[in-house]
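A quick write-up on the structure given underneath.
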Amino acid sequence: MASESVAQISNNLLYCAMAVYAVAMYCYAAELAFGSRLRRGEPALVTANGAGDTSYDEPAAPVEEREDRTGKAERLGRIAVSLTALAFGLHLASVIARGISAGRPPWGNMFEFSVTGSLAVTGVYLVLLARRDVRYLGIFVMLPVLLTLGLAVTVLYTESTQLVPALKSVWLVIHVTAAMIASGILTIGFAQTICYLVQERRERTPAEQRSPSFMDRLPSAAVLDRSAYRMHAFAFPIWTFAVIAGAIWAENAWGRYWGWDPKETWAFITWMVYACYLHARATAGWRGRKAAYVALLGYSTFLFNYLVVNIWLVGFHSYAGVN
Amino acid sequence: MVDSDVVHTAMSTAPGEVEPPSGPGALGPRGMGRWAWRQLTSMRTALLLLLLLTVAAVPGSLVPQSAVDPVRVAEFTAQHPTLSPWYERLSLFNVFAAPWFAAIYLLLFLSLAGCVLPRSRAHWAASRARPPAAPRYLERLPVHEGWTVDVSPREVLDAARLALRRRRFRVDVGSDGSVAAEKGYLRETGNLLFHAALLFLLVAVAVGNLFGFQGSVLVAEGGSFSNTVSAYDTVRQGAAFRSGSLVPFTLTLDDLSVRYEQKGVQRGAPRDFKAAVSFTASPDASPKGGELRVNHPLVIDGTKIFLLGNGYAPVFTVRDGTGEVVFSGPVPFLPRDGNNTSVGVVKVPGAKPKQLGFQGLFLPTAVLDPQRGPISVFPDDALPRAVITAWVGDLGLDSGAAQSVYRLDTTGMTQVMNSGRPLAQSLARGATMTLPDGAGSITFDGVRRWTSLKVSHDPGKQWALLSASAALIGLMLSLFVRRRRVWVRATAGDDGRTLVRVAGLARAEGEGLADEVAEIATALRAKED
Ligand code: HEM
């Protein structure tokens, strides 16, 4: 009984978190829209590399109005970040309550995996935000988080229960934790890669001919490319570790560390595609857009593994808990 | 911009671009061979092979695989009679053992070996060589700082050498009043370790496949088996496996307990599942007890025994027309759904005057559904029923063709009827169904559980884990260690003061090089002032 009411609390917290995420997303969007005629970080940050881009040399609006707009955009951005932190807190509390109600780590079925995985995405974003100015990513983080949570509470919802015996293992906890952290980072890298591709196309037009867009608030393509690479390079060893931990778990449960079951096959495919991405970045003629496409492909294989394989392709790993 | 010697002394041993030969026949056969080898071991070929291997793995997850799920392969073959022979020809039911799959990964690993060996040699040489000397114009490097001091150039360089040493740079004092330093060799070492470990991983997997053994066997409570190839129902063994290497243990399944979720939407989901066993490690060892659970295999002398599926084995006693007991014992039935509705057959070749066969449905918690007939509503055996139909005639066991123990070949048999309809009875524990015309009877005595056990012996396993761990460590070094060079030059100026310049170069921009150079400059200034 008690555990059911804790599960109920967990659900309510999750709904609150979703509402706050939605407002935060709106603020991020408004920030980008308000600042769309202004370069990011302007006017404080003109010094770093004067030779790069000149778009801020031609004022888009009278100075006072610009400052007013900058101020508003800045304020909205700060509100958005505070709301994100609040939503993260609620989200985290929901995950913890879920774990308490089930009496185990809360990642035993697809609902829980989605909820905890999206928590990892926000967590990675907040950690990153503490170290670098990545607020421009806000909307691109809120969107997938809200989509995942929406999918979780509508389609994937499963009541809080114990696990089937095969899933009771420390290696499960290690394997899934690593996979979730890696996917949180990969999601951010994915968002940055898309931003890079758009920005790169945009930068082909000379600055003075570009029509104003919220993309002006984003960093240059070169910066986006480099940060996306960092994200991927950071996630890849974690994903590797997740695959190894999964193999150890499989060996303990089924007596073979690798059996090409669909889930394993797609974990391998994702690993390979990201290895291709890292390779491509060191291969002449593949840097830039081509490598970025490989990264997008990597993320789609990850999504495929998560959504399609879990639900439609049967295997040993039938833990989705979805009917 | 930067002196060419610095730029061309690369900070990575990655192979460069391969120039195409200037025309067909421009190279001799040896030249062609060398060109082809360089093509194979180029980064671009490696990338293409990596992509190809990735794509090749996809059908392995979409088409049923005989190594993973032979039953689904059989279903697929039955459903797609025209397509299947083609799939068969293209090894699509066995992608990961297919020749074309092997061709791709062997080529990739050949490329890998051809890449790693020369790179290791180059890296070995580079890591013993001196750091490349300072370029003439340090101020032309992307990151640099300069200032003047009153101490002599010698003192500046001594201080620089110490400061760089302290920061764990490899330092070389040049003859031209400069200090050259380099750091982060572990990046390349890690990258080479990673690639070499992948090669070892492949070898470890191959060893496991060649010398390994996997067998599974179905054991009912009270039953036992010994670890010999012939005792297993299904066996997979490597080409170089010798049956003498099996540990000679014997194992008896004493009890199997299964617990199911009792309430909620997940009612009926398995929760706990364990087997109490007793075993003797070798024919003359004394028996021991042990427990087996999912995720907790039992280890006997290094051989691991795993608990996989479970089900019911109803116990039957069959009497023939002469009243003789011709069969008695548990018969494993295969579960068909989440509530353990199970199907199976009893074959009694020894019955007289005619052989008897029974088809059965076992329902652990039986309910008579008005539409669907008898069904099971819960997987535990709360209200067990066996629904039996009977056949008499020739079981077809003498023809020599292999027969499944779970299916009755009814071609030579006729179904036992009862007033125009097939005879079928739902038996409770202890009940007997009597066949008309004195043909015999079958009694449902009770039920036991069975479990399928898997025994696995993979001598490459530890090596695979070791290689994978080495690969992971190498990968982290390769991705997180930064390789960079720093130079300090001190020149005596006309005014008697010393001009100091510090500059740095990293493999990739923006990896905190500017901060590092600034820190070194600050450290030097603090010394000199
Ligand atoms: C099983 C096949 C292979 C896999 C899974 C693989 C994977 C990887 C990964 C993940 C990286 C990124 C690590 C880093 O940036 O340092 C990398 C880098 C690298 N790989 Fe491979 N690789 C494979 C085969 C090859 C082959 C055949 C070659 C030789 C042509 C090669 C040459 C390189 C080089 C030179 C780098 C370093 C690039 C740099 O300096 O940034 N790899 N590889």
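It should be emphasised that the depicted structure is a prediction, and the values quoted were computed from it without experimental measurement. Lettering follows sequence order; numbering is per chain, from 1.
Residues A:Phe302 and A:Tyr274 keep their aromatic ring centres 6.0 Å or farther apart.
Using a 30° and 60° split on the angle between ring planes, B:Phe101 and B:Phe96 fall in the perpendicular class, above 60°.
Looking at A:Leu297, neither its backbone nor its side chain comes within 4.5 Å of chain B, counting heavy atoms on both sides. Only the backbone of B:Leu307 comes within contact range of chain A, judged by heavy atoms closer than 4.5 Å. With a 4.5 Å cut-off on non-hydrogen atoms, B:Tyr260 does not touch chain A at all. Only the side chain of A:Trp286 comes within less than 4.5 Å of a heavy atom of chain B; its backbone N, CA, C and O stay farther away. Contacts of B:Val55 with chain A are absent, with no heavy-atom separation under 4.5 Å from either backbone or side chain. When heavy atoms are compared at a cutoff of 4.5 Å, B:Leu479 approaches chain A solely by way of its side chain, counted from C-beta outward. Contact annotation for B:Ala471: neither backbone nor side-chain heavy atoms come within less than 4.5 Å of a heavy atom of chain A.
Screening A:Trp271, A:Trp260, A:Tyr306, A:Phe304 against A:Trp266 for a ring pair (Phe, Tyr, Trp, His ring centres under 6.0 Å) leaves a single residue, A:Phe304.
Nearest approach of B:Val455 to B:Thr303, heavy atoms of both residues: CG1-CG2, 3.4 Å. Closest non-hydrogen pair, A:Phe236 versus A:Ala275, comes out as CE1-N, 3.6 Å.
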